[in-house]
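Each remark here refers to the structure printed beneath this line.
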Amino acid sequence: MLVLGSGIAGLTFAIKAAKRYPDRNILVLTKTIEGESNTRYAQGGVAAVWNPEKDNPEKHVADTLDAGAGLCKEEIVRIVVDEGPERVREIIEWGARFDKEKGSESYDLAREGGHSEHRILHYKDLTGWEMQRTLMEEAAKFPNIQVLEHYFALDLITQHHLGRMVIRVTPNIECYGCYALNKLNGEIDTILARVTILCTGGAGQVYKSTTNPVIATGDGVAMTYRAKGRVENMEFMQFHPTSLYNPNGENPSFLVSEAVRGFGAVLKDADGVEFMHQYDDRLSLAPRDIVARAIDFEMKKRGTDCMFLDCRHLDKDGFMAHFPTIYEKCLSLGIDPMKNMIPVVPACHYMCGGILVDAFGRSSINRLYAAGECSSTGLHGANRLASNSLLEAMVFAHRIYLDLEGKLESWDFQEDAPDWNAEGTTDPQEMVLITQGLKELKDIMSYYVGIVRSNLRSKRALDRLYLLYQETEELYKTTKISPQLMELRNLITIAYLISRSAAHRRESRGLHYTTDYPDLLPFVENSVL
Ligand code: FAD
Ligand code: SIN
């Protein structure tokens, strides 16, 4: 079994598969080190109905549907909400620590935007780090899991590589594994597998400002699209309202968790005046799309670079116990959150769309599954509810593992797959062509397909992307493969998918807001490409 990615989705699946199939090898490829992933940076926590006296699944379902603005698949929402607590219990059994209330055995449940109850389990403001640590330690116990670090998956192998014509409507496309670049020796390996699970995470790096680490380049979605698999809802890129504004620029942008607002912090302008009442009754804890748009609007109206988060009235000991990393980071920039307001600005944070999968993580390509941020299960619809993604990744990793029961035997290795053909390529002469291409791409997306969109901006983006696409494909045909070149190619595909879906959606819904169609359409459609 081949797993691409070593974040929460990839490792959860690998652990379950290794336990169930001790005689099978589970190969996990990861493009840098095992611990580097979006998962590792998750701060706020994992949402799950945990306190039956105050909370219940219906409330979590209702909050998720409300945030998703009419595009969630309700049956998927129910699956994730109902099965989520069991998956959380499982990772606790594997050793994950979540904070408890002082002097009590009860978990300290936090609250974030769009949640009607306190239901976020967390480990200080380092929840993702703790989950990633737990998963890596658990995975290391299984001799049949092999994690190959610095292995960059380039393309999925399908019938196309056997010389057959494969187009988007070809029935029964099959995945036989992938080609992967061993970054340590520069060789490209053909990796065959009975089944391939894509867990390659998000694509925040398509924008100039993002909370996502540099690995988040949408590789899995781009590979699937190139293999003629179905992708959906790519216009719904979520901007987190509160990344830390750093005038010196920082990639990734540091996140100031929504849990800080759940703890009582309030959004204000530079003069300390609140503004969220003009946008939503839930004020600073309105769903993310609303808060991010409000901040964007206020910044543009005032011509300022940031807005502010006021924590000065909060309990210092409580704040430092829950948010030690945020506190330290602010101090390192000369901001004492107990004395100064924290400057914040929206940053791209999460890809709500992705590889179209069903309730068991099956993609439109046979023998290819997807879980975690690279997939589109129907849970998030037009806007993800905070802290639902770690939950979704665990639930779907589990459901994929369930779906494999009885199937592996019927899938053989496709020994006819040819090796990668690098004929006619030479070492890159000018890396600047790639680095400059990436800068241009991020500019295009940030200026034309960001938080606020319009027909004209989408058209500009698509026109410019086409040029960049042509230039980059030329480089790809003639240059030896490098991770930088592949990431640029993948990000251009992601940018195209976002821009095209945005141009098609003639309404404003959830995270997609366009000045040409500010209202909702009466009928609701996913954008499947
Ligand atoms: P990732 O954890 O991103 O893992 C992707 C893996 O794929 C990595 O190992 C990467 O190296 C590998 N990979 C990618 N491309 C290739 C390739 N071509 N070849 C080989 N390997 C490849 N969600 C919550 O629910 N709660 C939170 O509190 C929360 N906070 C967040 C805070 C931050 C700053 C960020 C960035 C995200 C946050 N999220 C949160 C979102 C959540 O962390 C992610 O959606 C989730 O962790 C994604 O998990 P994943 O397993 O799908 O992908
Ligand atoms: C945060 O801590 O604000 C991020 C939570 C999330 O993205 O779900």
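Numbers for residues simply follow the sequence, beginning at 1. Basis for what follows: all heavy atoms, side chains included, without hydrogens, waters or symmetry-related copies.
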Any Lys/Arg nitrogen of R78 or E74 sitting under 4.0 Å from an Asp/Glu carboxylate oxygen of the other?
-> yes

Any salt bridge between D443 and R464, counting N to O under 4.0 Å?
-> no

Aromatic ring pairing [X]/[Y], orientation class (parallel under 30°, perpendicular over 60°, tilted between):
X	Y	value
H240	H349	perpendicular
Y123	W129	parallel
Y401	H398	tilted

What are the two closest non-hydrogen atoms of L154 and I481, and how far apart are they?
-> CD2-CG2, 3.8 Å

Taking it one step at a time, do H161 and Y179 satisfy side chain to side chain donor-acceptor pair (under 3.5 Å)?
-> CA-CA 11 Å; H161 298 92; Y179 295 112; 4.8 Å; no

So, [X] and [Y]: side-chain donor and acceptor under 3.5 Å apart, yes or no?
X	Y	value
K228	T158	no
Q205	N251	yes
N383	Q238	yes
S527	S501	no
T325	D125	yes

So, is the end of the R119 side chain (NZ or CZ) under 6.0 Å from the ring centre of Y107 and within 45° of the ring's axis?
-> no

For Y176, the side-chain hydrogen bond (donor to acceptor under 3.5 Å, both in side chains) test, sequence neighbours excluded, returns E174

State yes or no: are the ring centers of Y369 and F13 separated by less than 6.0 Å?
-> no

Partner of L11 under side-chain contact (heavy atoms from CB on, under 4.5 Å), picked from M131, E138, E34, is E34

Can you list the steps and then say if R384 with E392 is a salt bridge (charged side-chain N to carboxylate O under 4.0 Å, His left out)?
-> CA-CA 11 Å; R384 174 179 68 102; E392 179 197 42; over 6 Å; no

